[in-house]
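Below you'll find the structure, written out as structure tokens, and then a few comments.
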Amino acid sequence: MNILDKEKSSFSNNNIRQDLELLKRAIDASVSGIIITDNREPDNPIIYCNSAFEEISGYSRSEIIGHNCRFLQQDDRSQKERAMIREAVSQGEGCRVEIRNYRKNGDLFWNELLISPVLDENNNVTHFIGVQQDVTQRKKAEQDLRQQQETMEKQIAERTRNLRESELFLSSIIQTVRESLLVLDPDFCVVSANDHFIKTFKVTSEETVGTNLYKLGNHQWDIPKLRELLVDILPTNNPVEDFEVEHDFPHIGRKLMLLNAYRIELEGQFKDQILLAIEDITEKREIERRKDDFLSIASHELKTPLTTIKGYVQAMERMIPENAGERFENMLGKTAQYLDRLNNLIAELLDVSRIQTGNIELHKLPFDFDVMVKETVDAIQSASSNHQIQITGSSGISVSADESHIIQVLNNLLSNAIKYAPEAEKVRVHISKVSEFVKVSVTDEGMGISPEDQKKIFERFYRAGEIQQRFPGMGIGLYICEQIIKNHNGTLWVKSEKGKGSTFSFTLPINTTN
Ligand code: ADP
């Protein structure tokens with residue numbers, strides 16, 4: 001029932017007046033702010049407001065009555081909602097808006113405003129009723145949500161851009177490197193192949209991309225062992241490293257290829273892909289082989305005349321005339337000494353070529369390990385007065401191994417400890433028995449080895465950069481040592497800190513059966 005209609009038509013009626021009073025009180029008690037404006041008066045002034053409106057706006061009744069509602073917007077006048085209200089009022093229609101209003105103290109509050117017109121019997125709009133709700137909290141929550149959404153969208157956009165850049169970055173690397181590269185999907189189908197692959201294998205991009213790796217060019221990559229390794233990459237993230245494939249490839253002939261494969265660790269759509277790098281090492285291997293052949297031939301060729309010279313020098317030593325003089329004897333002594341050094345160097349080179357061809361022969365017999373260490377140390381000690389070699393510990397055990405080769409290893413470690421610690425006075429040798437192994441550690445207080453060099457010093461002909469000129473050597477001693485120890489099923493390793501010294505240790509199984 002429309003209360004205002006009643007009010008107009010039965011103003012004089014006392015009972016109705018009482019009813020009206022009751023309803024007015026009910027409206028006063030409402031939590032929504034309610035106002036009534038008189039549309040018949042100029043500028044549509046407020047003629048009624050309830051207590052909730054006073055509370056929401058912070059103005060008192062006396063400051064509200066007689067004013068147009070717009071005072072609630074203070075200086076914030078350009079809101080489009082104001083035009084919507086104006087339009088509705090001029091048309092005599094109702095409307096619903098959410099508008100920024102300001103309390104008397106200037107605080108912003110969001111007002112959900114519902115305006116409805118009151119019509120007389122001639123359908124003229126006499127009043128407007130405005131019902132307001134303070135929806136500031138809801139608006140703030142909405143705004144926070146929107147902000148969160150915007151931030152999230154920005155982050156997603158950024159991430160997408162990064163991914164796209166990563167993709168471009170990756171594909172530019174793939175295209176530029178001078179190695180054949182394939183990107184494979186989880187089913188081992190080629191997602192992309194770089195130019196180098198296309199050129200090397202004389203194939204087209206069309207016949208490669210989209211084809212399963214194992215079906216490529218005459219099923220040449222369909223190798224059971226390779227299948228086994230590739231299958232493991234994605235689930236375990238275990239890369240395939242340095243897998244050699246020798247094959248008669250269509251178009252390019254017999255080649256030796258080195259394969260490396262990794263899971264591509266980019267997030268999102270790239271997560272499940274494999275990067276397969278294929279390097280043609282046919283020529284490199286051939287050069288290495290020729291170098292090894294040369295080494296083997298050269299050292300054999302050198303060895304023969306050297307043995308003869310050595311024989312002559314030994315004969316001369318036996319035939320020294322009585323009046324030859326000290327100088328002559330010294331010179332002969334030095335010649336024999338340098339011949340021995342030369343002989344050792346050639347023997348080492350021969351060792352390398354024997355190791356290369358797998359011809360290293362071990363003659364294992366039992367010997368007292370501690371005695372062997374002591375005798376080897378004594379021999380080195382007698383030739384180097386600047387250093388004091390100290391033995392600690394013991395194994396108390398007899399080991400079955402190739403004694404001369406083990407002596408060779410220990411000799412090498414001791415000579416290095418002396419050579420690369422010229423200023424130091426002490427070299428320590430520690431013997432121990434660890435489980436079913438004997439262990440020897442040789443510690444010096446010398447120049448030490450950088451972590452990068454530690455990884456390489458056991459390679460053939462590798463010498464740490466800065467020592468090349470200062471210390472003589474060929475960089476093969478440790479290579480031979482490691483091979484000898486490996487052949488005995490033991491291990492050789494280094495622990496070192498640059499500038500502080502090094503400890504080379506090796507273990508040997510006590511009971512070697514093979
Ligand atoms: P060489 O001594 O003839 O160079 P090795 O194979 O015995 O050959 O050693 C390889 C390299 O390892 C050496 O050139 C040197 O750089 C490093 N090295 C070996 N032993 C030591 C040591 N005790 N202290 C520092 N560097 C060492």
Side-chain angles (χ1 to χ4, degrees), residues 288 291-292 295-296 298-299 302 337-338 340-356 360 373 376-377 379-381 383-392 404-431 439-488 490-507:
E288 270 172 24
K291 204 170 70 190
D292 287 341
L295 201 69
S296 160
S299 38
L302 288 170
Q337 201 185 326
Y338 279 102
D340 278 343
R341 269 174 71 176
L342 196 56
N343 211 24
N344 283 341
L345 286 175
I346 291 170
E348 278 195 338
L349 285 174
L350 274 170
D351 274 345
V352 173
S353 64
R354 276 198 209 108
I355 290 168
Q356 284 308 107
I360 183 163
V373 175
T376 312
V377 166
I380 294 261
Q381 181 70 82
S384 63
S385 48
N386 290 344
H387 295 76
Q388 198 214 332
I389 313 174
Q390 219 173 50
I391 304 179
T392 55
S404 65
H405 274 115
I406 302 302
I407 291 174
Q408 189 182 346
V409 172
L410 195 55
N411 257 329
N412 215 308
L413 299 184
L414 287 166
S415 330
N416 279 351
I418 289 167
K419 181 163 65 170
Y420 296 112
E423 314 292 331
E425 286 169 7
K426 271 199 188 115
V427 172
R428 277 172 293 141
V429 178
H430 184 73
I431 314 170
K439 177 180 168 188
V440 184
S441 299
V442 178
T443 304
D444 65 58
E445 293 163 0
M447 56 199 296
I449 307 162
S450 70
E452 299 79 56
D453 283 334
Q454 284 176 36
K455 283 184 211 134
K456 298 181 180 162
I457 51 173
F458 297 100
E459 290 170 14
R460 283 186 296 163
F461 307 115
Y462 186 83
R463 310 197 72 213
E466 79 267 28
I467 55 106
Q468 298 275 24
Q469 280 83 30
R470 285 174 57 202
F471 302 97
M474 293 194 291
I476 51 176
L478 287 179
Y479 169 74
I480 296 169
C481 290
E482 192 184 31
Q483 300 304 317
I484 291 173
I485 297 296
K486 255 194 196 163
N487 274 299
H488 279 85
T491 48
L492 168 65
W493 70 98
V494 64
K495 203 170 140 269
S496 178
E497 202 176 322
K498 195 119 182 79
K500 296 228 168 120
S502 316
T503 297
F504 284 85
S505 308
F506 69 85
T507 54

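Both ligands and their constituent atoms are indexed starting at 1 by order of listing.
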Q. Hey, looking at atom 7 (O) of ligand 1, which of I418, N416, V442, D453 has the closest heavy atom?
A. N416
Q. Does any N or O atom in G448 lie less than 3.5 angstrom from one in ligand 1, N or O only?
A. no
Q: Give the intermediate values and the outcome of side chain to side chain contact (heavy atoms under 4.5 Å, CB included) for residues R428 and E445.
A: CA-CA 9 Å; R428 277 172 293 141; E445 293 163 0; 4.1 Å; yes
**Q.** Non-hydrogen side-chain atoms of M474 and L345 separated by less than 4.5 Å
**A.** yes
Q) How far apart are the C-alpha atoms of H387 and E425, what are their side-chain angles, what is the distance that settles it, and do they pass the side chain to side chain contact (heavy atoms under 4.5 Å, CB included) test? A) CA-CA 5 Å; H387 295 76; E425 286 169 7; over 6 Å; no
**Q.** Polar contact flag for L478 and ligand 1 (N/O pairs, less than 3.5 Å)
**A.** yes
Q: Identify, for atom 23 (N) of ligand 1, the protein heavy atom at the shortest distance, and state residue, atom and that distance.
A: D444 OD2, 2.8 Å
Q: To the nearest 0.5 angstrom, please state how far the CD1 atom of I418 sits from the OG atom of S384.
A: 3.5 Å
Q) Heavy-atom count around Y338 OH within 6.0 Å, excluding the residue itself: above 12? A) no
Q. What is the closest protein heavy atom to atom 12 (O) of ligand 1, and at what distance does it sit?
A. I457 CG2, 3.1 Å
Q: Under 4.0 Å from a heavy atom of I476: give me the atoms of ligand 1 that qualify, with their elements.
A: 6 (O), 8 (O)
Q | Audit row: Y462, I476, side chain to side chain contact (heavy atoms under 4.5 Å, CB included) steps and yes/no | A | CA-CA 7 Å; Y462 186 83; I476 51 176; over 6 Å; no
Q: Dump the intermediate steps for salt bridge (charged side-chain N to carboxylate O under 4.0 Å, His left out) on D453 and K456, then the final yes or no.
A: CA-CA 5 Å; D453 283 334; K456 298 181 180 162; 5.8 Å; no
Q.
Taking 4.0 Å as the limit for heavy-atom contacts, which would you say applies to S502 with ligand 1: side chain only, backbone only, both, or neither?
A. side chain
(Q) Please check whether M447 reaches ligand 1 - meaning an N/O of the residue sits under 3.5 Å from an N/O of the ligand, judged on distance alone. (A) no
Q | Under 4.0 Å to a heavy atom of G473 - the qualifying atoms of ligand 1, by number | A | 3 (O)
(Q) Tell me the closest heavy-atom pair linking S296 and L350, and the distance in Å. (A) O-CD2, 4.4 Å
Q | Atoms in ligand 1 with a heavy atom of G475 nearer than 4.0 Å | A | 1 (P), 3 (O), 4 (O), 6 (O), 8 (O)
Q | Y462, portion touching ligand 1 at heavy-atom distance under 4.0 Å | A | backbone
Q.
Tell me every residue that passes side chain to side chain contact (heavy atoms under 4.5 Å, CB included) with N416, counting only those two or more places apart in sequence or in another chain.
A. N412, K419, Y420, L478
Side-chain atoms of residues 498-505: list all donor-acceptor pairs with protein atoms under 3.5 Å, sequence neighbours left out, distances to 0.1 Å.
from, atom 1, to, atom 2, distance (Å)
K498, NZ, E466, OE2, 2.7
K500, NZ, E497, OE2, 3.4
S502, OG, S496, OG, 3.0
T503, OG1, T443, OG1, 3.0
S505, OG, S441, OG, 2.9

Q: Answer with side chain, backbone, both or neither: which part of N412 has a heavy atom less than 4.0 angstrom from an atom of ligand 1?
A: side chain
Q) Quick one: does A464 get an N or O within less than 3.5 Å of an N or O on ligand 1? A) yes
Q) Considering only heavy atoms, does R463 approach ligand 1 within less than 4.0 Å through its side chain, its backbone, both, or neither? A) both
Q | For K419, the ligand 1 atoms whose distance to one of its heavy atoms is below 4.0 Å | A | 1 (P), 2 (O), 3 (O)
Q: Work out which heavy atom in I355 is nearest to a heavy atom in I480; give both atom names and the distance.
A: CD1-CA, 3.9 Å
(Q) On a heavy-atom basis, I'd like to know which of F504, F471, Y420 is closest to atom 13 (C) of ligand 1. (A) Y420
Q) To the nearest 0.1 Å, how far is atom 26 (N) of ligand 1 from its closest protein heavy atom, and which atom is that? A) I449 CG1, 3.3 Å
